[in-house]
Amino acid sequence: MLLEIIYTVISINGDYAYCMSDNGSYTNIALALLPDDIDEGDKVRFYNFSYEKI
């Protein structure tokens, strides 16, 4: 079973995006791993070891 997590981008600081998952936990994600057009307030899905904007 593959893990799926939905994150909301809270803020972008330098090379990292500070994100909150739907279950309320926070994490930093390197911008290099996220889609190029990501911005604060966007939602991203982590699935199959990659991120996509939703």
Side-chain angles (χ1 to χ4, degrees):
M1 181 175 151
L2 294 175
L3 180 65
E4 177 182 59
I5 304 171
I6 305 297
Y7 292 104
T8 302
V9 178
I10 304 299
S11 65
I12 296 175
N13 187 9
D15 293 334
Y16 292 90
Y18 185 61
C19 302
M20 182 178 69
S21 69
D22 282 349
N23 69 6
S25 63
Y26 292 91
T27 189
N28 288 316
I29 302 171
L31 287 177
L33 299 174
L34 296 173
D36 291 335
D37 61 342
I38 202 72
D39 201 5
E40 293 178 4
D42 288 344
K43 289 197 176 279
V44 292
R45 177 176 88 137
F46 175 74
Y47 184 73
N48 199 19
F49 300 104
S50 66
Y51 294 92
E52 67 177 347
K53 186 175 173 180
I54 54 172

_Can you list everything that forms a side chain to side chain contact (heavy atoms under 4.5 Å, CB included) with Ser21? Sequence neighbours excluded, please._
Ile5, Tyr7, Asn23, Ser25
*Who passes side chain to side chain contact (heavy atoms under 4.5 Å, CB included) against Asp22, sequence neighbours left out?*
Ile6, Lys43
Side chains of residues 44-54: which donor-acceptor pairs under 3.5 Å do they make with residues two or more places apart or in other chains?
unit_1 : atom_1 : unit_2 : atom_2 : d
Arg45  : NE     : Glu52  : OE2    : 2.7
Arg45  : NH1    : Glu4   : OE2    : 2.7
Arg45  : NH2    : Glu52  : OE2    : 2.8
Ser50  : OG     : Tyr47  : O      : 3.2
Lys53  : NZ     : Asp37  : O      : 3.4
Lys53  : NZ     : Asp42  : OD2    : 3.4

*Among all residues two or more places apart in sequence or in another chain, which pass the salt bridge (charged side-chain N to carboxylate O under 4.0 Å, His left out) test with Glu40?*
none
Would you tabulate the side-chain donor-acceptor contacts of residues 11-18 under 3.5 Å, counting partners in other chains and residues two or more places apart, or write 'none'?
none

_Nearest heavy-atom neighbours spanning Cys19 and Ile29_ = SG-CD1, 3.8 Å
*Indicate, with yes or no, if Met20 and Val9 share a hydrophobic cluster defined by side-chain heavy-atom contacts under 4.5 Å among Ile, Leu, Val, Met, Phe, Trp and Tyr.*
no
*Shared hydrophobic cluster for Leu3 and Tyr26 (ILVMFWY, side-chain gaps under 4.5 Å)*: no
